[in-house]
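Letters A, B, ... are given to chains in the order of the sequence lines, protein chains preceding strands, and every chain is numbered from 1. All figures in this text were calculated on a predicted structure; none of them were measured in a lab. The basis for the numbers below is simple: all heavy atoms, side chains too, and nothing from hydrogens, waters or symmetry mates.
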There are 4 protein chains.
Amino acid sequence: MGNVLQIGEYTFRSRLIVGTGKYQTFDLMRDAIVASGTELVTVALRRVNLDNPSEPSLLDFIPKNVRILPNTAGCYTAKEAIAVAHLAKAAGIGTLVKLEIIGDQELLWPDPIETLEATKVLVQEGFTVMVYTTPDPVLAKYLDKAGAHAIMPLGSPIGSGQGVLDVEAVRRFKQRVSVPVIVDAGIGSPQDACLAMENGADAVLINTAIAQAGDPVMMAQAMKWAVEAGRLGFEAGRMPKRQDAVASSPTTGMIAAGQ
Amino acid sequence: MGNVLQIGEYTFRSRLIVGTGKYQTFDLMRDAIVASGTELVTVALRRVNLDNPSEPSLLDFIPKNVRILPNTAGCYTAKEAIAVAHLAKAAGIGTLVKLEIIGDQELLWPDPIETLEATKVLVQEGFTVMVYTTPDPVLAKYLDKAGAHAIMPLGSPIGSGQGVLDVEAVRRFKQRVSVPVIVDAGIGSPQDACLAMENGADAVLINTAIAQAGDPVMMAQAMKWAVEAGRLGFEAGRMPKRQDAVASSPTTGMIAAGQ
Amino acid sequence: MGNVLQIGEYTFRSRLIVGTGKYQTFDLMRDAIVASGTELVTVALRRVNLDNPSEPSLLDFIPKNVRILPNTAGCYTAKEAIAVAHLAKAAGIGTLVKLEIIGDQELLWPDPIETLEATKVLVQEGFTVMVYTTPDPVLAKYLDKAGAHAIMPLGSPIGSGQGVLDVEAVRRFKQRVSVPVIVDAGIGSPQDACLAMENGADAVLINTAIAQAGDPVMMAQAMKWAVEAGRLGFEAGRMPKRQDAVASSPTTGMIAAGQ
Amino acid sequence: MGNVLQIGEYTFRSRLIVGTGKYQTFDLMRDAIVASGTELVTVALRRVNLDNPSEPSLLDFIPKNVRILPNTAGCYTAKEAIAVAHLAKAAGIGTLVKLEIIGDQELLWPDPIETLEATKVLVQEGFTVMVYTTPDPVLAKYLDKAGAHAIMPLGSPIGSGQGVLDVEAVRRFKQRVSVPVIVDAGIGSPQDACLAMENGADAVLINTAIAQAGDPVMMAQAMKWAVEAGRLGFEAGRMPKRQDAVASSPTTGMIAAGQ
């Protein structure tokens with residue numbers, strides 16, 4: 001895969017995707033986006049003001065070199081999500097879409113059945129589909145077979161900041177699917193992002209952890225470095241974990257000192 | 001404490017301290033040191049060739065702008081460790097020392113009694129003492145009271161790469177001691193370093209995780225970023241963890257779409 | 001639910017279900033079953049000698065007071081699993097069945113799509129269906145709605161002994177489904193069983209952890225007590241976890257002693 | 001060690017020691033003690049009414065067949081703790097004592113220096129000394145060498161109910177000391193007790209988790225079974241943990257079914 005992130009026909013050097021919700025102001029959002037170094041930001045299409053071009057829109061605050069990834073947040077069925085994707089296309093935002101269909105309002109957990117159905121339809125219609133999904137490796141294989149262009153398992157519930165509860169799921173996905181695996185939801189701090197990346201995730205998507213940090217711009221920069229650190233660590237190859245201690249400083253052949 | 005690491009009279013901008021053991025070659029060690037951006041490297045005094053100046057020495061491969069931190073690895077009593085510190089001073093390496101007295105050969109676990117005793121003596125003799133210790137918060141208070149200049153709890157057994165097993169210990173140390181808290185031993189990957197830093201560690205010391213990575217130089221750079229990411233994340237202030245999910249994209253006031 | 005486990009029309013006082021695979025001998029299996037106090041044992045129908053009544057059969061070693069729960073282990077599609085269930089019924093074993101359809105040979109992970117399909121069919125045909133499933137709470141709601149009589153999330157991969165990796169999943173299931181939630185797969189030791197039970201599981205299914213213990217009969221008894229301890233603990237209601245220490249022995253009003 | 005718990009000259013069949021603090025009434029305390037099956041209960045000497053024999057005393061509610069283990073809770077120095085032990089002896093409670101010297105009021109963390117000092121003194125004076133200590137394996141060796149009759153590492157802070165945060169510490173203690181290792185402090189639920197025991201602890205001491213459960217008597221019974229389950233599991237020998245799944249039901253030689 002070289003050193004870039006390839007999603008369908010789109011290429012990205014940054015492996016950090018950021019969300020646009022929950023910022024106190026659009027200005028703060030823009031500054032955090034810039035600090036993060038991201039090239040792809042996700043926008044809940046239902047939040048975008050598509051109808052009144054005279055009023056300020058969230059989209060106006062996204063830097064020009066950053067691609068928009070409309071998402072279907074707030075949809076509970078395949079039918080709804082497909083309609084939202086069509087709307088994005090009609091509005092000229094394009095055919096790259098993040099598919100998100102919720103099956104549980106309290107957990108904001110993906111609906112596996114509706115998600116698979118919508119993936120099939122949107123892929124056939126020519127969309128580039130990035131799919132928010134559960135950590136289920138068999139469902140991931142179904143989504144891959146259905147033609148999804150990126151598969152995005154949740155780390156923990158959306159907005160919970162609990163981190164990546166089952167990092168083994170990331171490894172399992174990587175062994176089973178042919179497209180990028182992107183950890184979406186649950187990342188709460190830089191070490192969560194780093195953990196996902198050093199276990200082989202191709203990218204991470206972060207929203208709340210930046211938007212609701214004490215200082216969102218500073219945190220955006222922290223996340224940028226955490227993602228790069230994790231990716232480099234993955235590529236460098238970590239030391240094996242050992243049950244026992246091993247001296248850092250071999251004592252064989254050392255000079256006598258004070259004995 | 002501003003944005004620098006202050007240990008006694010010494011000031012560092014980098015919060016990453018690296019070890020010098022276990023590299024395949026001295027050249028590789030030097031390249032990793034440079035890539036890490038460190039300003040302080042620790043050297044087991046017993047490994048240094050102080051007697052035959054005609055032979056190549058580990059010290060020759062340490063960049064000039066990087067300070068040497070002699071350590072007392074391999075010592076099992078206060079008496080031995082104090083003798084090694086004296087030797088370092090006599091050899092002109094200086095009076096900054098990392099005190100490491102082992103009480104268990106298999107775990108390479110610090111000896112709390114001998115460590116406290118040696119700290120008292122070396123501080124009184126004018127050394128700047130950085131103390132390797134257990135995650136015991138009460139012992140940390142004793143060491144602080146004895147005048148230690150930095151307190152270095154182990155994250156997990158030396159060379160094990162198990163990470164920071166009890167990150168709460170870092171927080172407890174920070175609340176109880178007046179000098180820098182530096183996580184020493186056990187860090188195995190960038191996320192471990194990031195975790196320690198974002199929980200308030202003032203610095204981390206890493207040896208095996210760099211030296212025995214697949215690509216030590218690349219890993220050194222990963223660790224540099226991980227430390228900076230963790231520190232920035234600590235300063236920015238992380239979002240709170242929540243038990244439940246919270247939508248990233250508020251749906252109040254959103255436009256209707258396909259319903 | 002009173003103090004019994006109710007699955008469809010069947011009632012059990014024991015909340016421990018045991019498997020019959022991997023024992024060194026049938027005698028050892030029988031002794032472990034007795035020691036466990038179980039009232040329900042699961043049998044891979046494909047392993048049972050239904051054709052040669054003259055040869056010894058696993059079924060002969062199951063005590064008379066213990067109910068047989070035929071399972072569909074080894075099936076990869078709804079069609080296969082339904083056929084196995086029909087076979088069990090035809091052989092007179094009954095219409096209580098544990099549905100297990102695998103979607104990944106290496107992980108032995110359930111196939112969510114085929115499992116849901118087979119559940120619908122078997123429930124409509126009048127079977128009492130206990131369904132092995134992923135820890136996905138939305139899929140659990142689908143299975144509940146399809147009429148499953150017990151829902152059995154995996155704790156960790158079958159035979160791995162890694163325990164219950166996400167005990168929160170058990171709580172989520174309990175909040176969302178109307179039938180018993182039984183942790184199946186992954187339990188490796190008594191504390192795993194206890195953990196599942198004290199977090200509200202209605203029962204646990206254990207096979208490898210008993211069959212491959214050093215002493216299977218002794219371990220069967222350990223599991224019996226672990227399940228009862230966990231259930232009692234759940235019913236008694238545990239103390240809250242606290243961040244800080246709280247003295248067990250209040251010191252207000254205590255007598256002076258040596259001060 | 002046979003199947004009994006031997007502490008100095010005292011022998012116990014039960015491996016559960018319970019505390020006497022925090023119960024709503026003395027009657028409830030007595031019922032929980034009975035339900036737990038314990039043979040040894042610990043009492044903060046400073047709470048006991050030794051002076052006014054006309055008033056009801058906690059000691060009156062302890063069943064006759066249960067031994068009293070006076071503890072030095074509330075002491076911060078060796079001197080104080082030794083004085084409390086002397087007081088217990090003078091009051092005729094005996095020379096079995098649980099030594100507890102706190103070095104941090106917020107964490108109720110043991111003071112390693114004062115604890116070691118008091119252990120030496122009390123052992124020399126002929127007391128049977130059970131020592132509350134940190135999870136430090138080197139300190140444990142010092143205490144063992146000083147003649148302690150049981151070594152009692154904390155699982156997590158007293159009264160926190162966080163469980164056994166580093167169960168590896170239990171294993172390390174068992175490999176390094178010659179006397180019983182008893183997990184004291186932090187146990188919050190049956191699974192915590194089970195975990196400690198199946199990892200080799202010789203016993204556990206529980207107070208808050210019973211006294212502050214929703215139903216203390218029911219929880220006492222749960223703890224009794226959890227301890228027995230864990231001990232049996234330890235003796236039986238658990239299955240190895242495996243990274244991958246392993247079928248419970250071998251499919252070689254299985255009969256064809258529906259294929």
Task: Between OG1 on residue T134(B) and CG on residue D136(D), distance to nearest 0.5 Å - done: 5.0 Å
TODO: Select one option (side chain, backbone, both, neither) describing which atoms of I102(D) are under 4.5 Å from chain B's heavy atoms.
DONE: neither
TODO: Decide yes or no for L116(D) and I113(B): does some side-chain heavy atom of the first lie under 4.5 Å from some side-chain heavy atom of the second?
DONE: yes
TODO: For chain B, find which of L107(D), D111(D), D166(D), L165(D) contributes the most heavy-atom pairs closer than 4.5 angstrom.
DONE: L107(D)
- [ ] Would you indicate whether the side-chain heavy atoms of E168(D) and P157(B) approach each other to under 4.5 Å?
- [x] no
Open item on the list: Using side-chain heavy atoms (C-beta onward) and a distance below 4.5 Å, is P112(D) in contact with V138(B)?
Closed with: yes
- [ ] Can you measure from CZ (R176(B)) to CG (D104(D)) and round to the nearest 0.5 angstrom?
- [x] 4.0 Å
Task: From CD (E106(B)) to CD (Q175(D)), nearest 0.5 Å - done: 6.0 Å
